[in-house]
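Worksheet: the structure to be examined is printed underneath.
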Amino acid sequence: MSYDHKGIDEKWQKRWMEAGVFNAKNDSLKEKCYLLVEFPYPSGAGLHVGHPRSYTAIDIIARKRRMEGKNVLFPMGWDAFGLPAENYAIKTGNHPSTFTQTNIDTFRRQLQSMGFSFDWSREVNTTDPAYYKWTQWMFLEFFKAGLAYKAEIAINWCPKDLCGLANEEVVAGKCERCGTPVEKKLKSQWMIAITKYADRLLADLDTVNYLPKIKKQQEEWIGRKEGMIFHHQVKDLDIVLDSFTAYPIWSYADTFLVIAPEHPVVADLVAGTEYESVTNAFIEEAKAISDDARTEDSFEKNGVFTGRVAIDPLTGREMPVWIANFALMNFGTGIIRCSAHDERDVEFALKYQIPIVEVVDRTNPDVPVSAHSNTGVLKDSGPFTGKSITPERIEESIVWFAAQGFGEKHVTYRLRDWVFSRQRYWGEPIPLVHCEKDGWVAVPVDQLPVVLPNVENYQPTENGESPLANIESFVNTKCPQCGGVARRETDTMPNWAGSSWYFLRYADAHNDKEFASKEALKQWMPIDIYNGGMEHTTLHLLYSRFWNKFLFDRGYVPTSEPYARRHSHGMINAEDGRKMSKSWGNVVNPDEIVGQHGADTLRVYEMFMGPFEEMVPWSTSGVIGVRRFLDKAIRMVEKVSDTEDVAVTKALHQTITKISSDIEGFGFNTAVAQLMIFVNTVQEKGSITKESLMTFLRVLVPFAPHVANELWEKLGGTGFVEEQEWPVADVSMLKNDSIEIAVQVNGKLRGTIVVAVDEVEETIVKMARADENVAKYVIGEPKKTIVVKGKLVNFVV
RNA sequence: GCCGCGGUGGCGGAAUGGUAUACGCGACGGACUCAAAAUCCGUUUCUCGCAAGGGAUUGAGGGUUCGAGUCCCUCCCGCGGCACCA
């Protein structure tokens, strides 16, 4: 017999909504708990089965917390700016906002059909002018603080479509639409100086509870590296070249300098010399190489001599200055001191017959010692000759070199400043105006939001400007400062803008005076648990931490870190093990599962399918198993009786214990297994008391809220199960009178005995030896007897 | 190349150094049924054995331990991150 999932789902969803049971209270005296899942991009394809995985998990925690007496904020919204809506607009001529609104309605309906306990009264939408007004306001804060600046940055450019491309539109170096190889085109863009926060973003990771792999990825992405800058006077020219090295103690081996082709100093080095034309040709060639090609194994290191030498401050050596394609402009200073102790440098030196010097003797006669090992004893190294390389000595060398005026300690980062301009329509307009007299001027706050105007044509313009550049009525404006002729910025913000602060808006979603009141923020921040995909670890997570830190510095938010704890879920793949994709035809639609089996089946199945953090394949037959479990659970109502087997009572308290701890440890799959064990026990024993069953419903409700409430009502419960207290296990019920003990001989299981729980060791050993099968193996006195209380006896013979 | 995580039945997966394979799927046998579905009961790591019981088994090989899926070493495979990064 199968329960009417459709009727039950709708009934309880309607009642929850009407009662507003999941709405957070800003004026509650209860302890707050702010739980957050990443808000989705409302794509045209509708919800993916991956979405409910993390939503269910955090929903389970939210429901448990409410039952534990917390004032829980668990909100939902839409990260709705983005390329697909714009492309749809280009294709159909419809406005992206109508498409987006349709998608949002679909997503909302889908999420509501799964019974998540979101507080829908705080729904946010990044494309709503009432929302992006504040995104623009925050950008102006960055601008006013001097953290937003203009820089010439290369964009992806399709020479056939005459259009700038987002990174995701570049597939294997080619334009996604027409297959033309993508070029780089320099464009003046707004940048935000996230690198100014690099050290704090790194250091403050120690103050938050993130999964270790998340912390590690952020650390690697920030890529802090300590080292030293050396100054090199170029011979015959009034130019000083600054090189960066992370291995300063090895510097006595350095014999030549290498400069990145894009480095502006190159032109000055070769100007008017016989090397100029060769150098320029080399630079042109190097620029044409895509980043993809650079990282291929077959990439050949080559370079040209500039005809210049620079003086090594350490040794006074004349170091030939080369330009080489392996030097990167955006790491360190763009200039490298090269030596025999770097595999890549040696390869280059041998190719161009540049002399090399070693300062640490080889252990392998064929290969110089690598500087990366940072071990060995130095020779020919000035004051460090004869000394071994240790972390202390490295530090000492930096101090000494600096004291001599050779250079200074320097820290470099992998992290780059944030390119904040997009030449796109469907994003927040950057609220700046360019005045011929005053330069870039902020749009006054009382004129925000700068609303996206309606356009006819969503294509980027032929010179790579945003579609907004074609709208004269938008572009032409007056300078807010001098009233003179001015033009609006036509670039829009990246997707990451609106999502960098949405969690703050939830605290006070309808405020039209501020992005959120200080009191509301103080009440809710920081977020207790934030769950999201690993793919957002380096961009969204880092951007939003930075954004929050900036607002914190400006006094607008109460905590330096927005997320006290960050957790992550694994992806759901298709049954065939591949990624779900339209082109593979292996996509599972969550609506179908809800339609066929009900919301609770989808929820419980997604929790049961495997460890929450790991990638798992979808299994249609696994779904059926969960549905069978829920049918069995509902049928327990027929087994209600005045008495129950003690095994049922015990199982109940074990279940309470296990579910409570599993939810806290994100062990949702084993929690579901325990729910199943309980239901199986009741089935086996044939009866359960009403009281026990109603207690069980309180631990079932986070997982299967519709089924739990339906049963609750059938048993005469009032209100919602969610309004009950979270049960506490009776520890005395967890104890058994007797226990089974394993008996091993030489570590091999030979039998089991059942003994009283408080039986003395001597008797247990005696009983173990008396076991018929054990006796066969234990002849005479055992050499040693190991007794593990309550577990086993092991005889060593 | 460096770093991190993982490899357990036919499948998804459980196991604070202490009875490996919980829970689910699938499969097989049975009950109910005119029949099927649903449901219920039973079996199900492999292997030898009528049975009692034995042997093997957590990617491969070593080690520590009374005892290792779990700890250590070497290697193989998969996933993820970083990477001509000075």
Side-chain angles (χ1 to χ4, degrees), chain A residues 1-2 211-221 223 225 227-228 243-248 250 254 257-258 260 294-297 299-301 324-328 330-339 341-345 347-348 371-372 412-414 534-535 537-538 570-571 575 604-605 608-611 613-626 628-629 631-632 635 667 669-677 679-680 683-684 740-752 772-773 776 782-797:
Chain A
M1 198 183 62
S2 211
L211 284 184
K213 62 176 174 182
I214 297 176
K215 253 184 210 188
K216 204 173 168 316
Q217 265 188 43
Q218 290 228 338
E219 280 166 12
E220 274 180 1
W221 190 262
K225 203 151 210 182
M228 171 122 207
S243 71
F244 174 77
T245 176
Y247 303 91
W250 298 75
D254 299 340
L257 293 179
V258 153
R294 277 186 96 96
T295 52
E296 273 171 29
D297 288 344
F299 180 70
E300 206 190 328
K301 288 162 219 25
N325 57 1
F326 65 82
L328 306 172
N330 55 16
F331 186 84
T333 60
I335 303 176
I336 315 173
R337 286 171 67 93
C338 293
S339 87
H341 297 290
D342 184 293
E343 202 185 322
R344 183 196 54 201
D345 297 354
E347 190 187 326
F348 189 83
H372 296 249
T412 186
Y413 300 89
R414 206 199 81 94
M534 280 307 288
E535 70 275 16
T537 301
T538 48
M571 288 204 323
E575 201 140 14
V604 175
Y605 172 65
F608 185 56
M609 62 198 304
E613 282 156 50
E614 262 147 63
M615 191 274 290
V616 277
W618 184 265
S619 159
T620 301
S621 53
V623 174
I624 291 164
V626 167
R628 284 208 273 255
F629 155 70
D631 280 331
K632 267 196 252 180
R635 281 199 302 269
N669 54 334
T670 50
V672 173
Q674 183 62 38
L675 293 171
M676 289 172 170
I677 288 170
V679 173
N680 290 346
Q683 173 145 319
E684 191 197 327
E740 197 186 44
I741 296 235
V743 184
Q744 297 180 337
V745 179
N746 288 345
K748 232 173 185 15
L749 184 73
R750 293 302 176 187
T752 57
E772 201 183 324
N773 198 43
K776 280 201 290 189
K783 254 198 271 179
K784 199 170 170 186
T785 302
I786 288 138
V787 181
V788 181
K789 208 168 176 291
K791 291 269 183 184
L792 60 72
V793 178
N794 187 16
F795 296 112
V796 185
V797 296

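All values below come from the heavy atoms of this structure, side chains included, with hydrogens, waters and symmetry mates left out. Below, read A as the first sequence line, B as the second, and so on, with proteins coming before strands; counting in each chain starts at 1. The structure displayed is predicted, hence computed values, not measured ones.
- Between the CD atom of A:Glu614 and the C1' atom of B:C79 there is a distance of 10 Å, rounded to whole Å.
- Counting any heavy atom pair closer than 4.0 Å across all strands shown, A:Asn669 reaches sugar-phosphate atoms only and no base atom.
- A donor-acceptor contact under 3.5 angstrom links the side-chain atoms of A:Glu740 to the base of B:U19.
- At the phosphate of B:G4, neither OP1 nor OP2 sits under 4.0 Å from any side-chain N or O atom of A:Lys213.
- Side-chain atoms of A:Thr670 lie closest to B:A14 of the nucleotides B:U39, B:C66, B:A14.
- Closest to the side chain of A:Ala673, out of B:G67, B:U39, B:A22, is B:A22.
- Each of B:A56, B:C66, B:C3 was ranked by its minimum atom distance to the side chain of A:Lys216; first place goes to B:C3.
- Nucleic acid contact for A:Pro212: none, since no nucleic acid atom lies under 4.0 Å from a heavy atom of the residue.
- When each of A:Thr333 and A:Ile741 is assigned the nucleotide of RNA chain B with its nearest heavy atom, A:Ile741 is the one assigned upstream, toward the 5' end.
- Taking side-chain N and O atoms only, A:Asn680 has a distance below 4.0 Å to OP1 or OP2 of B:G24.
- Comparing B:G24, B:G18, B:C82 by their nearest atom to the side chain of A:Met676 picks out B:G24.
- Atom OH of A:Tyr605 and atom C1' of B:C25 are 9 Å apart (whole Å).
- A:Trp221 places its CH2 atom 20 Å from the P atom of B:G4, with the value rounded to the nearest Å.
- Between B:A22 and B:C11, the distance separating the two P atoms is 15 Å to the nearest Å.
- For B:C23, the OP1/OP2 oxygens have no side-chain nitrogen or oxygen of A:Gln674 closer than 4.0 Å.
- Here A:Lys783 lies out of heavy-atom contact (under 4.0 Å) with every strand.
- With B:G13, B:C41, B:U19 as the candidates, the nucleotide lying closest to the side chain of A:Thr752 is B:U19.
- Using a 4.0 Å cut-off, some side-chain N or O of A:Arg750 falls inside it from OP1 or OP2 of B:G54.
- Distance A:Lys632 NZ to B:C41 C1': 12 Å, rounded to the nearest Å.
- If you check the side chains of A:Lys632 and A:Asn680, you find a donor sitting under 3.5 Å from an acceptor.
- In the set B:G13, B:C25, B:C41, the nucleotide with an atom closest to the side chain of A:Arg628 is B:C25.
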Q: Might you work through the salt bridge (charged side-chain N to carboxylate O under 4.0 Å, His left out) test for A:Glu220 and A:Lys216, ending with a clear yes or no?
A: CA-CA 6 Å; A:Glu220 274 180 1; A:Lys216 204 173 168 316; 3.0 Å; yes
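- Here B:C82 presents its P atom at 19 Å from OH of A:Tyr413, a figure rounded to the nearest Å.
- In this structure B:G17 sits in the anti conformation; its chi angle is more than 90° from 0.
- Checking B:C2 for Watson-Crick or G-U wobble geometry (two distances, each under 3.5 Å) identifies B:G81 as its partner.
- As judged by a 4.0 angstrom heavy-atom cut-off over every strand, A:Asn330 is placed among residues making no nucleic acid contact.
- Within 6.0 Å of CD on A:Glu613 lie more than 12 heavy atoms contributed by other residues, nucleotides or ligands.
- A:Phe608 places its CZ atom 10 Å from the P atom of B:A14, with the value rounded to the nearest Å.
- Put simply, A:Lys748 has no side-chain N or O that comes within less than 4.0 Å of OP1 or OP2 on B:U57.
- Closest to the A:Ile786 side chain, of the nucleotides B:G80, B:C66, B:U19, is B:C66.
- Enclosure of atom CD in A:Glu772 is not indicated, since only 12 or fewer non-hydrogen atoms of other residues, nucleotides or ligands lie within 6.0 angstrom.
- Searching all strands for a Watson-Crick or G-U wobble partner of B:G24 with both distances below 3.5 Å returns B:C11.
- The listed nucleotides are B:C85, B:C25, B:G18; the one nearest the side chain of A:Ser621 is B:C25.
- Pair check for B:G17 finds none; no Watson-Crick or G-U wobble contact set falls under 3.5 Å.
- Residue A:Pro611 places its side chain closer to B:A14 than to any other of B:G26, B:U19, B:A14.
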